Amino acid sequence: MDFSPFDESLLATCSGDETVKLWRLRDPESAQPSEAELTLHPGHGKLELVLFHPTSSGLLAVGATNSPLVWDTSRQDAPLAVLEQHSDQLQSLSWKPDGSLLASSCKDKMLRVFDPRAQLTPIQSTKGLQNSKDSRILWAKDDLLLTTGFDMMRGREVRLWDSRKLSSSVSSATVIPLFDDDTGLLILAGMVGLIFIPVFLFVKLFMNIDDWVADRLSHCLTDAPTRGVCAVPKLDLDVMSCEVVRVLQLTDSHIVPISYQVPRKNSGHEFHADLYPDTVGATPAMSAGEWWQVAVPPRPAHPLPPRASPLDSSPAPVPARVPRPYRVCLVHTDSFFFVCFVFHVLPNGDTVGTVICPGPSTKFRHIQGTVMHRDTHITNIRGLNLTTPGECDGFCANSKHVAVPLATSGGQIGVFERSKPGRQPDTNVPTFQNSVNVADLCWDPFDPHRLAVAGDDAKIRLWQVPEGGLVETLTEPDLILQGHTEKIYSIKFHPLASGLLVSSSYDLTVRLWNLDSGDQVKLLTGHEDQVFAMAWSPDGKLLATVCKDGKVRIYEPRKSATPVQEGPGPGGHRGARIVWVCEGKYLLVSGFNVQSERGLYLFSADSLSSGAVGNINVDVSPSILIPFYDPDTSVVILTGKGDTRVHIYEIVPESPYFVECSSFNTPEPHKGLAFLAKTECNVQDVEIAVALMLTKTTVEPVSFKVPRVKKEFFQDDVYPDTTICWEPALTAAAWLSGSNGEHKKMSLKPKDMIPVSEAPKEVPVKKYMPSSYYLEEKTDEQKKDELLSAMVAKLGNLDDPLPQEAFEGVDEDEWVCRQLEC
């Protein structure tokens, strides 16, 4: 359906009954008509598209299943033109702003441009779409066409074309496009089913096709169900409030207005003429019959009258138009994710825009996960415990050992040496005999041989692996910590102080233990339900928790037993994990929303009460996403028990907060990942993380690499100085007495590598055109002659004497003598 640009009460519709109907709408107070004012019967099958002409009254473009039609509503007997039939379903039509040309996109992946008055066949056509799924086409400005659709991998794609040469696109980035010719704003609204997912708003203004610039603006993300989007006519905008675009969003039950305003100092009191050039008016330039006979004149321009200020009934003054750049501000109410760009108006009145790059850029976008060679795998692990509690990571590893809970009786824990990969024995594997089922376990970050294990009996046992590895089953731990009255959820070592361990329990308390003395030193309260997870801040001063009661809390254990901050957490209650990110300024929580979708939530550590500053839905799965955060790159890697996909995001401290990177897929479900220290990374291959992946019977190393061209140089933009996290900064007693410490840092740069920032600049190499370029204008006969000449040149010149002909030989007398001797 489409409204007439010259009569706001005239609506054209088309439907599957093969008719086009024109409706004369009445005032909202009156009953709407039950019969159409005019009905057209094109007779070309099911009709799916109808579009009013932009300059001529009574002229329609109608899209049948395979054919575009041009129809004069004053002539009901037959269309003015039946354009060339398309080979597949017609998907979209768009008139050029001056009404001279009509563009179409089709399921056969072709783009076509017609001049209906000159010929019925397209004047330009090209294969412009990569996927036969839904597509849209839109005239943007002057001779530029914009198409939206899907690429070969079914990713949403935006392309810009020069209609004078459709052989290649100007740029590339289904979405629904809306374009405002006055401001150059293009709104792309993308739908998956009935839910709008990231939608982009950007500015595209042109001085010429080769000059582009852009500045990024704000964005927002919501997820309300949506069925459509359209733009409000320019004459209905509140120009005194500097409103430049207003969009109407259609949801399942209501229509939501979304306003875009330019922030100006005196908005509401003065008319800013530089924002509002004369817009296209509502008076048609000609009738349909006149359009068919003559060239198209421009439609009369219409100034946008300023509305009276609420403080002054006199007309607002209109200042002189001064070319200047302006910024578009998003005022949103529902269901859109918009990205804006600033365009610049040059002193001569021209405007410049840019090629659009939807979404923020990141050097880690194409990160690659790879399972290392089988020689590094630990295989034939039998009797794995696949039912560890949700609060447990499933297993743990450090630079020397891998600890895996086993399903055998007595809560046994298998300890495998990383230095001895390969097939493990079928029986008699040395273990720790924990006596009760394992609830959680973790290695001491400052002692690679000490393992802490929490059990169902509310006790924590500390085990010591002998030098050289575990060779026999141990039944007696080095230390047992008692104090909790119910089953323990999770345990965490302090990141800076040696000998400090924190634990959470079903008794709704969090307790801090001094392992040097074996005593409980702090008791934290305030939780009203199960504690899902805990995390120490990078400086070791604060402890964050996420709880089943829907709260995120921050404790300062040395000063208070109650939380110093708390705020609302994820809406779901199926589980959660928490980790500090962005130098301890934010908290990242992975959890579930009320629809049981897995998602990530980012909280400011300074204002938990204000809720999440950003969130993103990941997928639907029953297992909680377990996060690993790399503070050097600000990359978080997440996966769940039983998943086959590892999600990767870069976390940034400003909107949009989450930058999605390439994911890593495994052929079979895995039980979890345990990440190793940064020193395990091979910087020559640009590894940014190395993890151990636990499967049903194996432990397999996984490498996460960033693709780089100049691997011979040290990538210092990827490898800042890293913390020496395996050395304590202070003792437990010093920390408890109020002292604070900080990890030392080290460079990962090998001595024989030069930083890429200091690499010599390459001399530009002259680029030669491919041979196809030079052969393009030659005839077939010329190509054959050149090919034969090249073959003959390789064989050599046939007129040259043979090498043997140059031999001198022997005299005849000598030849006769030699024969007699024989």
Side-chain angles (χ1 to χ4, degrees), residues 361-378 396-402 417-419 421 443 445-446 448 495 538 579-583 627-639 646-652 659-666 673-693 699-727 729 742-762:
S361 61
T362 169
K363 62 174 72 76
F364 307 107
R365 182 178 296 277
H366 302 291
I367 187 172
Q368 300 170 348
T370 307
V371 177
M372 295 187 185
H373 193 271
R374 185 175 176 82
D375 291 345
T376 62
H377 298 185
I378 300 174
C396 61
N398 60 18
S399 59
K400 296 182 179 294
H401 312 288
V402 180
E417 299 298 309
R418 290 194 54 227
S419 60
W443 290 103
F446 311 121
V579 65
W580 295 77
V581 298
C582 301
E583 300 179 345
F628 163 75
Y629 177 73
D630 177 19
D632 295 345
T633 59
S634 197
V635 168
V636 63
I637 303 175
L638 311 103
T639 191
V646 178
H647 304 270
I648 306 175
Y649 294 88
E650 182 181 5
I651 308 299
V652 293
V659 183
E660 186 173 4
C661 305
S662 300
S663 59
F664 165 59
N665 295 313
T666 59
L673 295 177
F675 284 82
L676 305 177
K678 198 76 172 186
T679 51
E680 298 280 344
C681 295
N682 184 351
V683 297
Q684 285 87 353
D685 286 340
V686 201
E687 284 182 348
I688 65 166
V690 176
L692 299 181
M693 179 175 65
V699 174
E700 304 173 3
V702 179
S703 169
F704 294 91
K705 302 177 183 179
V706 176
R708 287 294 173 93
V709 176
K710 300 180 180 180
K711 288 187 178 181
E712 65 272 19
F713 297 101
F714 176 70
Q715 310 295 318
D716 50 350
D717 61 324
V718 173
Y719 297 108
D721 289 350
T722 190
T723 56
I724 305 177
C725 59
W726 53 92
E727 296 181 359
E742 185 177 351
H743 279 306
K744 297 178 182 179
K745 293 196 173 185
M746 63 173 289
S747 173
L748 296 175
K749 185 182 81 67
K751 295 181 179 179
D752 58 346
M753 292 187 73
I754 301 174
V756 69
S757 59
E758 301 175 9
K761 295 184 178 180
E762 295 182 353

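Bear in mind that the values here come from a model prediction, so they are computed numbers and not experimental data. If you read the sequence from its start, that first residue is 1, and numbering goes on from there. Side-chain atoms are counted along with the backbone in the values below, which use heavy atoms only and exclude waters and symmetry mates.
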In Å, rounded to the nearest 0.5 Å, how long is the span from CZ of F704 to CD1 of I688? 8.5 Å
I'd like to check the side chain to side chain donor-acceptor pair (under 3.5 Å) partners of S399; sequence neighbours left out, ordered by chain and number. none
Applying side-chain contact (heavy atoms from CB on, under 4.5 Å), name anything that partners S634, two or more places apart in sequence or on another chain. C582, Y629, I651
For the SG atom of C661 and the CD atom of E650, what is their distance to the nearest 0.5 Å? 6.0 Å
Not counting sequence neighbours, which residues clear side-chain contact (heavy atoms from CB on, under 4.5 Å) with A397? List them please. V402, A674, L676, L692
Output all residues satisfying salt bridge (Lys or Arg N to Asp or Glu O under 4.0 Å) with E700, sequence neighbours left out; order by chain, then residue number. none
Got a sec, which residues hit side-chain contact (heavy atoms from CB on, under 4.5 Å) with P627, two or more places apart in sequence or on another chain? R577, V579, S590, V636, L638
Just verifying a value: how many Å separate Q368 CD and I648 CD1, rounded to the nearest 0.5 Å? 10.0 Å
Near E583 CD, under 6.0 Å, is it more than 12 heavy atoms from other residues, nucleotides or ligands? no
Quick one: does any side-chain atom of S663 pair with a main-chain N or O of H647 as donor and acceptor, under 3.5 Å? no
By side chain to side chain donor-acceptor pair (under 3.5 Å) - contacts of H743 (at least two apart): none
Min side-chain heavy-atom separation K705-I367 under 4.5 Å: no
Can you name the ring-ring contact (aromatic ring centres under 6.0 Å, His included) partners of W580, sequence neighbours left out? none
Check whether more than 12 heavy atoms from other residues, nucleotides or ligands sit under 6.0 Å from atom CD of Q684, and answer yes or no. yes
About how many Å separate NZ of K744 and SG of C725, when rounded to the nearest 0.5 Å? 14.0 Å
Exercise answer: donor-acceptor pairs, residues 712-724 side-chain atoms, under 3.5 Å, sequence neighbours excluded:
residue: Q715; atom: OE1; partner: R708; partner atom: NH1; Å: 2.7
residue: Q715; atom: NE2; partner: K710; partner atom: O; Å: 2.7
residue: Q715; atom: NE2; partner: F713; partner atom: O; Å: 3.0
residue: D716; atom: OD2; partner: S757; partner atom: OG; Å: 2.4
residue: D717; atom: OD1; partner: R708; partner atom: NH1; Å: 3.2
residue: D717; atom: OD2; partner: R708; partner atom: NH1; Å: 3.3
residue: D717; atom: OD2; partner: R708; partner atom: NH2; Å: 2.8
residue: Y719; atom: OH; partner: E687; partner atom: N; Å: 2.9
residue: Y719; atom: OH; partner: E687; partner atom: O; Å: 2.4
residue: T722; atom: OG1; partner: D632; partner atom: OD2; Å: 2.8

Who passes ring-ring contact (aromatic ring centres under 6.0 Å, His included) against F628, sequence neighbours left out? F675
With sequence neighbours left out, write down each residue that passes side-chain contact (heavy atoms from CB on, under 4.5 Å) with D752, or none if nothing qualifies. P750
Please tabulate, for side-chain N and O atoms in residues 371-378, each donor-acceptor pair with protein atoms closer than 3.5 Å (sequence neighbours left out).
residue: H373; atom: ND1; partner: D375; partner atom: N; Å: 3.0
residue: H373; atom: ND1; partner: D375; partner atom: OD2; Å: 3.3
residue: T376; atom: OG1; partner: H373; partner atom: O; Å: 2.6
residue: H377; atom: NE2; partner: M372; partner atom: O; Å: 2.9
residue: H377; atom: NE2; partner: H373; partner atom: O; Å: 3.4

Just jot down the side chain to side chain donor-acceptor pair (under 3.5 Å) partners of K678, sequence neighbours excluded, or say none. D630
What's the spacing between F664 CZ and T639 OG1 if we round to 0.5 Å? 9.5 Å
